[in-house]
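Comments concern the structure below.
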Protein chains: 2
Amino acid sequence: MSVPTIKFYVREGLLPAGELTSPNQASYGEAHVRRLRLIRALLDVGGLSVAAIRGVVMAVDDPGRPVHMVLGAATKPLVPRYGREADGGIEEARKTVAGLIEARGWRADPSGPASDALATALVALDELGHGRFVEVLDAYADAAEGVARADLDYVAHHVAREELVESAVVGTVLGDAIFAALRRLAHTDASNRMFGRTEEDGGAE
Amino acid sequence: MSVPTIKFYVREGLLPAGELTSPNQASYGEAHVRRLRLIRALLDVGGLSVAAIRGVVMAVDDPGRPVHMVLGAATKPLVPRYGREADGGIEEARKTVAGLIEARGWRADPSGPASDALATALVALDELGHGRFVEVLDAYADAAEGVARADLDYVAHHVAREELVESAVVGTVLGDAIFAALRRLAHTDASNRMFGRTEEDGGAE
DNA sequence: GATAGTGGCGAGTGCCACTATCCATACTTT
DNA sequence: AAAGTATGGATAGTGGCACTCGCCACTATC
């Protein structure tokens, strides 16, 4: 971690400035190192932009807000922003999403950012000729519930209350990466069973 | 979709040039439109780079190769490239991953890119004080297997053999996005149940 | 026959995550 | 005490990437 980079993060508001002991001497503590690791994790593994990370840390550092609001604010920058404003059929996709939320009994906003992201992805899939994919959406939702349960379980056992928000952010971002990697491995396994290969370089999907 | 952008894609090798009917007139067909949609999906939803997409389409278009090799080549650019070379403890994480693959009986390469990505994420988690997370890794793996089964099921029923490779790419990328969104929704649900909120703006994580 | 569009190509744009340079001051070494 | 080095702060520059512009010769269209 180079010094100029750290200065850059301080300027961008990702990292609090060290406490000045003299006009040109500042001291950094364990909290700074920890924050730095958080930034690197969100940046490298999560692929977040500096602006998004700024949003996250501002929410994490906000002292007086009720927990669930901080959670909302902190995780809002985590859902990726899709460029295109869906050429068409987005309404139908939204209905599908709303129906899923309804059927599952989820207490979630059918017009929130996560629902938007889901609808956008479904539209893209449909445009590529995979409209029938919605038929397996339930299996995905089952898996998502399973993962969410595991996350809650972990949080309940291993996370202190004051670390809750940061843990939620970390878990959301790194959890995505971990699950994606596991899915790749499971796909590789399936593909190799199907086509009868067992070793070699990259591993077929 | 602006004309210069399309010209750019052709130049970058993402999109085959149209068939020239005159020295300066080319005709584009359904295949081009489809390819364009694929590119936009990978770019916008999947967040792939142009270079990665070039790798994908080259593999997809390669006619003579055995299916599993094309699958491997096509999905290789899909696993994200993490910048940092893990400060330490990567060896232990690798062992954890290898152990998981072994325990699951997965036919997957414990030193392939997906395994690498998983190990990197685990290291990052550990550095942030969440080393115990490995305890819930099995639940994640269960979910990943469930999703992979659903994917296979979908492919078996709805995908023609000649579309297999492209579908695998699309499914890998969009599937990630879809699952991530569903996970967000499931988290929102859990959080709202826990903190007793039911509506309002963004949806708390 | 003027306007507008096309293929092809090199160069330019804007955004983003850094990185280099500078300055004045302060700590460290000898 | 003198020399060298490091730090905080600020401004400007770099490189990569996904486009985007402008130019050219030519052609399709009104």
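Just so it is clear: chains get the letters A, B, ... in the order the sequence lines come, proteins before strands, and each one is counted from 1.
Using a 4.5 Å heavy-atom threshold, the side chains of L100(B) and L182(A) count as touching. Considering only heavy atoms from C-beta on, L122(A) stays 4.5 Å or farther from R94(A) through its side chain.
R193(A) contributes atom CZ, which lies 4.5 Å from atom CZ of R107(B) (distance to the nearest 0.5 angstrom). Taken from CZ in R161(B) to OG in S167(B), the straight-line distance is 12.5 Å, to the nearest 0.5 Å.
Remark: the E135(B) side chain and the H157(A) side chain contain no N/O donor-acceptor pair separated by less than 3.5 Å. Looking only at atom types and distance, the side chain of T5(B) has a donor-acceptor partner in the side chain of S2(B) under 3.5 Å away.
Taken together, the paired segments of DNA chain D that extend over three or more consecutive Watson-Crick or G-U pairs, each closer than 3.5 Å at both contacts, are C:2-30 with D:1-29.
dC18(C) atom P lies 13 Å from atom CZ of R54(A), rounded to whole Å.
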Protein proximity profile, nucleotides 8-25 of chain D - base contact B, sugar-phosphate-only contact S, no contact -, cut-off 4.0 Å on heavy atoms: BB-B------SBB-----
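Scored by the ring-ring contact (aromatic ring centres under 6.0 Å, His included) test, Y140(B) finds F133(B) as partners (sequence neighbours excluded).
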Steps toward salt bridge (Lys or Arg N to Asp or Glu O under 4.0 Å) verdict (R104(B), D189(A)): CA-CA 10 Å; R104(B) 292 262 153 189; D189(A) 173 59; over 6 Å; no
